[in-house]
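Shown next, in structure tokens, is the structure this report addresses.
We're numbering straight along the sequence, starting at 1.
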Amino acid sequence: GQPRATQKGWLTPSQTAYASAFCVSLALAIGYPLCIVPSTTSTVSESKIDGLFLFIILSSAFNAVAYTGGPYPLGYIGLEHVSIGYSGLGDLFV
């Protein structure tokens with residue numbers, strides 16, 4: 001496979017953790033405005049949050065971290081197909 005930056009020593013584990021936290025935070029910052037459903041009036045305060053879409057965004061961010069991180073990474077305990085199928089690539093791979 002491709003060389004891995006931490007495994008090769010190009011990045012320290014903490015640099016890798018900070019980079020992944022930055023990427024997930026950036027994805028959440030970009031995705032959150034997509035949850036806002038504009039109101040039919042012109043006032044911004046009446047806009048609503050689409051709860052289902054917010055759940056999909058938050059659970060996808062969790063899935064991105066849980067796939068290879070944490071004490072029980074999904075990619076290494078036999079749940080990689082469920083993880084990939086849920087993350088939005090399911091239509092392509094499953």
Approximate separation, where rounding is to 0.5 Å, of [X] [atom1] and [Y] [atom2]:
{"X": "Ile36", "Y": "Lys48", "atom1": "CD1", "atom2": "NZ", "answer": "14.0 Å"}
{"X": "Leu11", "Y": "Thr16", "atom1": "CG", "atom2": "OG1", "answer": "4.5 Å"}
{"X": "Asn63", "Y": "Tyr67", "atom1": "CG", "atom2": "OH", "answer": "9.5 Å"}

Contacts table for residues 49-57: side-chain donor-acceptor under 3.5 angstrom, sequence neighbours left out:
from  : atom 1 : to    : atom 2 : distance (Å)
Asp50 : OD1    : Leu52 : N      : 3.3

Sequence neighbours left out, what passes side-chain contact (heavy atoms from CB on, under 4.5 Å) with [X]? Give chain and number order.
{"X": "Ala21", "value": "none"}
{"X": "Ser20", "value": "none"}
{"X": "Val65", "value": "Val24"}
{"X": "Ala19", "value": "none"}

> Do you know which two heavy atoms are closest between Ala29 and Pro33, and how far apart they sit?
Replying inline: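 Here Ala29 and Pro33 meet closest at O-CD, 3.0 Å.
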
> If you group Ile, Leu, Val, Met, Phe, Trp and Tyr by side-chain heavy-atom gaps below 4.5 Å, do Ile30 and Phe22 land in one group?
Replying inline: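 As far as the 4.5 Å side-chain criterion goes, Phe22 and Ile30 are connected within one cluster.
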
> With hydrophobic residues grouped by side-chain heavy-atom distances under 4.5 Å, do Phe62 and Leu58 end up in a single group?
Replying inline: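 The answer is no; the residues belong to distinct hydrophobic clusters.
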
> Linking Ile, Leu, Val, Met, Phe, Trp and Tyr through side-chain heavy atoms less than 4.5 Å apart, which residues share a cluster with Tyr76?
Replying inline: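 Its cluster mates, by chain and number: none.
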
> Which residues pass the side-chain hydrogen bond (donor to acceptor under 3.5 Å, both in side chains) test with Ser25, sequence neighbours left out?
Replying inline: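 side-chain hydrogen bond (donor to acceptor under 3.5 Å, both in side chains) check on Ser25 returns nothing, list empty.
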
>> Could you work out, with side-chain hydrogen bond (donor to acceptor under 3.5 Å, both in side chains) as the rule, every residue matching Thr68, not counting sequence neighbours?
In response: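 Applying side-chain hydrogen bond (donor to acceptor under 3.5 Å, both in side chains) to Thr68 gives none.
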
